[in-house]
Amino acid sequence: MTEVDVVVVGAGFAGLRALHTLRERGRRVVVLEAGDGIGGVWHWNRYPGARCDVRSHDYSYGFDPDLEQEWRWTERYATQPEILRYIDHVVERFDLACDVELSTRVTRMVFADDGWDVEAEDGRTWRARFVVMATGQLSIPKDPELPGQDDYRGTVLHTARWPRGGVDLTGQRVGVIGTGSSGTQLVPVVAEQAAHLTVFQRTPNFSIPANNAPVGDEEDAAVKAEYRERREAARNSPTGLSFPVVRESALEVSPEERRRHYDEQWPTTGFGFLLSYRDLMLDERANDTVADYVRERIAAKVTKPELLRHLLPEGYPFGAKRPPVDSGYFETFNRDDVELVDVRDTPVTGFTERGLRTTDREIELDVVVFATGFDAMTGALLRPDIVGREGRTLREAWVAGPRTYLGLQVAGFPNLFVVAGPGSPSLLSNVLLSIEQHVDWVADLLDAADARGAVTVEATEEAEARWVDHVNERAEATLYPRARSYYMGDDVPGKPRVFTPYVGGVRGYRRILERVVAEDYDGFAMTAGAR
Ligand code: N01
């Protein structure tokens, strides 16, 4: 058994930042990472076309002004290889690799004697006072359960388990199942390589053009000249993106003015298009204006009118499923070597030796790609056995859906912290910013516990119940629950249907955290421990 102060689980953006910060505060830290490389989601998701949907300058660490100045992003939305190069740079610059154990999958954690016993799949164990779960929100890939996969003679891939060396799809007949952010990014790139591409779509998606472009020297210099202000503005914004806050309702302007505004926003804002008016996710009529606009834009890109019935998203509000940010997705269907199969009309019934079978016919494929997403938000937290006070597991505590205080702690699981998890802005925000906020906050909380001689820190049941009510109330006031989405737990059959992230916004959440500190860490019990 190895003794440390803190075990951090996961070596993605969150785990690496936790390692750096907690080590700077004088704690012995080890990061346990299941993958054979550093980078978390960016280590695994190597599919062609993968890139971030937040501007590169904002999708980066803000804790070190020198790091900010020295790194040069080449594209507005960085590709996966570039993001991984950035992560490698950070790892080297802050000497992080020495405290990361790769190929180490945590399978069990038990709270005992005021600390945690942590066990890995290979039998190695660690003893730590604190555990930080930096396991990500989208890290357990989901495969559709299709019969006959063993009989299939072709290749099956998942976007989130893409082979390291890449895959040559030149001249291949490729099928892609899933049209979320991953499928939407992948499809145009695969269409360029493959002999024929079949896209299996279940729910048509609203997608916004990324309008990616190289970052010119002037643009880079302009961001860097005001980087500190840009970060501060992002911290005080609803989403953590550096867009100006819009206070207007979509309904208080004339249709002409609204249209002008959407026309201006559409080509430049990417994911921020969702913020064009303050009430797009609050008022159905406001949302209708933007949903109609996006449908019109999609329709204008598609030259085969018979496809529009399948490609236009209907029946749920724009933004209630996370909208992809794409580069030429809809235009791809104008190609003669690309076909759309609407699985609502003709469901896929399984694999055959030569491809996939739908209720209509057999489709021969050399490669089948699952772009079917993840057991989101809670998957990675519920996979290991996490055993808290009195032998109660996290799975038992969350049987009706995730319950946290501030998204940071779960009552009955002392000294265990979650980064950017359920009950925090998480995936509704620029997650990099939310990660850094959580890590700094937890680091301060641990220091505060030390300062008062406390051995354990634990969210109280009462504070957790209050927070869960607040998270639910805020979500119910929005349009989010009106779509089937992974925000609502619809990604996995049988998952409790509750809204998982916190919709109160980055700025609002930050104020709540500040208040909790000002009120002497209200809702956290700090005790001298049982030893
Ligand atoms: O996963 P998803 P993703 N049969 O869950 C379909 C981030 N991300 O990997 O909508 C047929 O969004 C499913 O259909 P439906 C980003 O936060 C970011 O694409 O459930 N289809 C859907 O179309 C994103 O939101 C970037 O009806 C099935 C798709 O598969 C999150 O990751 C890039 C099916 C899954 O979409 C997840 O994105 C990539 C089945 N059995 C990802 N099961 C950036 O740009 C599922 N589907 C930063």
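Just follow the structure's listing: the first ligand is 1, and inside any ligand the first atom is 1. Every heavy atom of this structure was used, including side-chain atoms; hydrogens, water molecules and symmetry mates were not. The chain is numbered in sequence order, starting from 1.
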Would [X] count as a polar contact of ligand 1, with the cut-off being nitrogen or oxygen pairs under 3.5 Å?
{"X": "Arg51", "result": "yes"}
{"X": "Trp42", "result": "no"}
{"X": "Thr159", "result": "no"}

Under 4.0 Å to a heavy atom of [X] - the qualifying atoms of ligand 1, by number:
{"X": "Phe374", "result": "9 (O)"}
{"X": "Lys321", "result": "10 (O), 15 (P)"}
{"X": "Ser182", "result": "3 (P), 9 (O), 19 (O), 38 (O), 39 (C), 42 (C)"}
{"X": "Pro144", "result": "41 (N)"}
{"X": "Tyr47", "result": "33 (C), 39 (C)"}

> Asp375 pairs by side-chain contact (heavy atoms from CB on, under 4.5 Å) with which of Val492, Leu138, Leu382?
Replying inline: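 Checked Val492, Leu138, Leu382 against Asp375; only one passes side-chain contact (heavy atoms from CB on, under 4.5 Å): Val492.
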> Does the ring center of Tyr502 lie less than 6.0 Å from the ring center of His470?
Replying inline: yes
Basic-acidic side-chain contact under 4.0 Å: [X], [Y]:
{"X": "Arg322", "Y": "Asp53", "result": "yes"}
{"X": "Arg309", "Y": "Asp345", "result": "yes"}
{"X": "Arg361", "Y": "Glu339", "result": "yes"}

Among all protein heavy atoms, pick out the one at the shortest distance from [atom]; state its residue, atom name and that distance to 0.1 Å.
{"atom": "atom 40 (C) of ligand 1", "result": "Arg202 NH1, 3.5 Å"}
{"atom": "atom 26 (C) of ligand 1", "result": "Ser181 CB, 3.8 Å"}
{"atom": "atom 45 (O) of ligand 1", "result": "Gln185 NE2, 2.8 Å"}
{"atom": "atom 7 (C) of ligand 1", "result": "Leu138 CD1, 3.5 Å"}

> Between Phe94 and Phe63, what is the ring plane arrangement, given parallel below 30°, perpendicular above 60°, and tilted in between?
Replying inline: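 Ring orientation of Phe94 relative to Phe63: tilted.
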> Heavy-atom contacts under 4.0 Å between Asp490 and ligand 1: side chain, backbone, both, or neither?
Replying inline: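 Answer for Asp490: neither.
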>> How long is the straight-line distance from CZ of Arg354 back to OH of Tyr152, given to the nearest 0.5 Å?
In response: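 So the OH of Tyr152 and the CZ of Arg354 are separated by 11.5 Å.
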